[in-house]
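A quick write-up on the structure given underneath.
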Amino acid sequence: MSHSEYKLNFRPLGTPKGGVSSAVGPHGAGASPGDKKSKNKSMRGKKKSIFETYLSKEDVSQGLKRGTLIQGVLRINPKKFHEAFIPSPDGDRDIFIDGVVARNRALNGDLVVVKLLPEEQWKVFKPESSDKEAEAAYESDFPEELCGHHLPKQSSKGCNDSTDVIVEAQYDDSDSENGHSNSQNALADGVKKLSVCAHDKALWSDCWSGCCAGPSSCKSDSCSLLSPPILPSPGKDDASAHVTKDESTPMSPDTRALSEKSLQRSAKVVYILEKKHSRAATGILKLLAEKNSDLFRKYALFSPSDHRVPRIYVPLKDCPQDFVTRPKDYSTTLFICRIVDWKEDSNFALGQLAKSLGQAGEIEPETEGILTEYGVDFSDFSSEVLECLPRSLPWTIPPEEVSKRRDLRKDCVFTIDPLTARDLDDALSCRPLADGTFQVGVHIADVSYFVPEGSQLDKVAAERATSVYLVQKVVPMLPRLLCEELCSLNPMTDKLTFSVVWTLTSEGKILEEWFGRTIIRSCTKLSYEHAQSMIERPAERIPEQELPPISPEHCIEEVHQAILNLHRIAKWLRQQRFTDGALRLDQLKLAFTLDHETGLPQGCHIYEYRDSNRLVEEFMLLANMAVAHRIHRAFPEQALLRRHPPPQTKMLGDLVEFCSQMGLAVDVSSAGALNKSLTRIFGADKYSRARKEVLTNMFSRPMQMALYFCSGVLQDPAQFRHYALNVPLYTHFTSPIRRFADVLVHRLLAAALGYRERLDAEPSALQKQADLCNDRRMASKRVQELSTGLFFAVLVKESGPLESEAMVMGVLNQAFDVLVLRFGVQKRIYCNALALRSYLFQKVGKKPELTLMWEPEDPEQEPVRQVVTIFSLVEVVLRAEATALKYSAVLKRPGQEGCLGLEDPDPDDAEPDNVEPDGTEPDDAEPNDAKPEA
């Protein structure tokens, strides 16, 4: 499904130096420019096609039915843009698409149809190689279900009670594509590649916006995609390779001696089913190189920041009026461009400039560019949408509505959220009963009451599908009047809710369960810090000044005891979940401190996931699972559920083999078995946390995304299962303020309980909405990651260089990958960027190893020897580069001490090493479901 168009507040493209803005000319597409080779020639007759003509819809339909064609979502490797993949339908190794021509004008995220190439054209690799860099081309594929929940995301910029604002966000390397692929993690030795034909090499350099020739000229990961493949000699797995500075030894494997297991199925794109990529990109304008050509007089060249998007010809009439005469004035100006055409006979796409954003590297222009590229509608809500909201303010609950609901306003109900959160969509209650059991309630904002089905508000919410959380702000799914006032469960105010109430034993056993519409009156708004303080001080009376206001109907002691009871039950629920086979793969998340006036990052630290987060997480999960069973029982063909497929078999198998070579025994027979194996491998020494992060990253890569789906479109109930949670049914019910899927689930639950009529929607229509929710959720996750990466890059520039301990994740012939433990950043370090006399790559058994010989600082001294292998601890320095938002990691010379830049976080604040892994969804249990601080 293509991204919906939305309004941009266009401003004219004008002089960036402070002059009067010049108006933009009309966006006429004009004639498509020809390919580079022919652009200086007067073409007679039809130009030679570079790309194949797409098959007809009829041929595609028949080919898919016969199995001669395969469809899938295209993933382009962000580090090596000539490499692309689609998932294999049988769960085997991904299907490889080699080069721009084979990709046939499809962009990252598009739903494409491919045709397999003859076997002699398949990709060659060595089975024992464990460089999964190519297959790690996923974009934001780290399944949220494997993370912690209820982690704060960002905070409001308008908070006036302190100079600095603390905000939290998940961080993944800004140069990478996703949470489990962002390290370029060459787990050992290097994917072996066939030599690239000269024609494709020329196309890559012509069409795509490569910026350097390799790591020797640019150390940023985004440029490493242009470095030559690092290939050991075939058939010499244990051989060593000694390299002096500036030498390289690329070799091609002997394809004739390879077995079938050494081949990866390769294909070419023959049709684009859905252009899911927005076709928008941010980048820089340049003049064409050949000034005497006809093209020079008609077009400028747009060079996208994202190397997976081709370079684009844009009509000069779209450009600022003085661009041709003063191009250097625009060398650092960020523009938005939209691709409007890409013909078969042209290396470059044709586009239109949409907007001048501002200076590259600045937070707000870069943020707007990110939102635009990923199709996020950040426009103001229209008057038609706002007319759907209550007009009489302050709004009060109508008496007739009160009579239809269970009144819980006298119960001790409270919220637990990040300190500055504004959209409070869930609350908890816990009342001890006379027989020693507890009445526990999860109360969720009744958003569906305020969003009439079929209204303009409903349509816009369905299109946006999710709120989008950036480090410094939120792009809401619903108007702020709903998000922050009418629906938000603010304290000491009557609120409409949808509740799940259980009678539970102290061990979490469910004795009774009730669903229904309710009215609550939250007695206080607790932060995670408040709740944590209560958990850690069970016998103390928390001083009133340490807590937020509490309504006079309830007291501090009552709230404190309720927190303790919930915590005790949550621990039992959690223990039972892992006994039943759940999986958790936690990844590091960054929290930023922002300057209140400038909005720039002043510092950051790893966010700590604590017992108060786990408390909320367990009851949100319990509610989601309970609602999933209830709506599926009532509407087996219409239930909107959430499934999590098992990991990709081949990738998981390769990883298990690699771990075996490293002496690590991992059982992947089930989610629970994997969880137990990883918990055991983490160990208990002082480096266990670092090993945990490395292994978590490795095993997150084969994991697939969790998906919304309609139960009526899948025939096999086994496909309904949620792998990470290890449960048969799951859904999202607890965050309707920021997820449209939850609004639909609320409507289904209301129908199941007889509050309303059954949904008038076919399973196919519900599946279409589920697909849109999946797409927008994926885009939202990626935007969040990019926002975090943006702020971290700015922090490195403003506060760097930054030093940290790092653990080696993978070793290549001439480079190695590290996880920077202080910041959760994953970077590649190149040997030829270090002050080395020489370096030696070898395999000790099957374990890859680099021996670095450092040039002595004193010529009379001997070179310093350093051995780098998997799980080695090293010291690295992060330094900003001249290019905006780029930073590199450099290995510190052994023996150097001291720390630059930011202070290390207090080790006492670190998460305990023995934390149980947990396989839950960060959306009801964050980070992606983190309670946004907005």
[Y] and [X] aromatic ring geometry - parallel, tilted or perpendicular at 30°/60° bounds:
X	Y	result
F323	Y330	perpendicular
F96	F85	tilted
H644	Y723	perpendicular

Is there a side-chain contact between [X] and [Y], using heavy atoms and a 4.5 Å cut-off?
X	Y	result
L350	Y299	yes
L334	E362	no
R643	L714	yes
V314	F335	no
L285	P320	yes
Q359	T333	yes
Y708	H732	yes
Q767	F709	yes

Non-neighbouring partners of [X] that pass side chain to side chain contact (heavy atoms under 4.5 Å, CB included), sequence neighbours left out:
X	result
A639	I631, H632, L641, S711
A461	M477, L478, F740
D716	A718, Q719

State which residues pass side chain to side chain donor-acceptor pair (under 3.5 Å) with [X]; sequence neighbours excluded, sorted by chain then number.
X	result
T466	none
Q638	R758
S764	none
D458	R747

In sequence, state the C-alpha distance, the side-chain angles, and the governing distance for W342 and I312, and then conclude on side-chain contact (heavy atoms from CB on, under 4.5 Å).
CA-CA 9 Å; W342 194 356; I312 304 168; over 6 Å; no

Quick one: do the S305 and E366 side chains pair a donor with an acceptor below 3.5 Å?
no

Using the test ring pair (Phe, Tyr, Trp, His ring centres under 6.0 Å), find all partners of Y271 that sit at least two apart in sequence or belong to another chain.
none

Polar side-chain atom of [X] near backbone of [Y] as donor-acceptor pair, under 3.5 Å:
X	Y	answer
S787	V471	yes
Q784	V468	no
S266	K123	yes

Gap separating the [atom1] atom of [X] from the [atom2] atom of [Y], nearest 0.5 angstrom:
X	Y	atom1	atom2	value
M705	N774	CE	CG	8.0 Å
R338	S278	CZ	OG	6.5 Å
F302	D318	CZ	CG	12.0 Å
L357	I336	CG	CD1	4.0 Å
I95	L117	CD1	CG	10.5 Å
I363	E368	CD1	CD	14.5 Å

Partners passing salt bridge (Lys or Arg N to Asp or Glu O under 4.0 Å) against [X] (at least two apart in sequence or in another chain):
X	result
E52	K268
D90	R265
E637	none

Can you name the closest pair of heavy atoms from [X] and [Y] and give their distance?
X	Y	answer
P304	A281	CB-CB, 4.2 Å
V474	S467	CG2-CB, 4.2 Å
V385	P479	CG1-CG, 4.1 Å
L766	A761	CG-CB, 4.0 Å
A741	L640	O-CD2, 3.7 Å
F296	L316	O-CD1, 3.5 Å

For [Y], is there an ion pair with [X] - N to carboxylate O distance below 4.0 angstrom?
X	Y	value
R308	D306	yes
E364	K473	yes
E785	K781	yes

If the test is side-chain contact (heavy atoms from CB on, under 4.5 Å), which one of L74, N108, L107, D775 qualifies with K276?
D775

CA sep, side-chain torsions, deciding dist, call: T372, T282, side-chain contact (heavy atoms from CB on, under 4.5 Å):
CA-CA 8 Å; T372 303; T282 59; 5.6 Å; no

Which residue in the set H277, R105, R279 passes side-chain hydrogen bond (donor to acceptor under 3.5 Å, both in side chains) when paired with D110?
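Among the candidates, only R279 passes.
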
Under the criterion side-chain contact (heavy atoms from CB on, under 4.5 Å), I'd like the reasoning laid out for V783 against V475: C-alpha separation, chi angles, the key distance, then a yes or no.
CA-CA 11 Å; V783 165; V475 179; over 6 Å; no

Check the pair Q769, C773 against side-chain contact (heavy atoms from CB on, under 4.5 Å), reporting the backbone distance first and the verdict last.
CA-CA 6 Å; Q769 181 63 54; C773 288; 3.7 Å; yes

For residues 59-73, run the donor-acceptor check on the side chains, cut-off 3.5 Å, and write out each pair with its distance to 0.1 Å, sequence neighbours left out.
| unit_1 | atom_1 | unit_2 | atom_2 | d |
| --- | --- | --- | --- | --- |
| D59 | OD2 | S56 | OG | 3.2 |
| T68 | OG1 | G63 | O | 3.3 |

Geometric cation-pi criterion R103 and F81, 6.0 Å radius, 45° cone:
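Checked: cation-pi criterion not met.
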
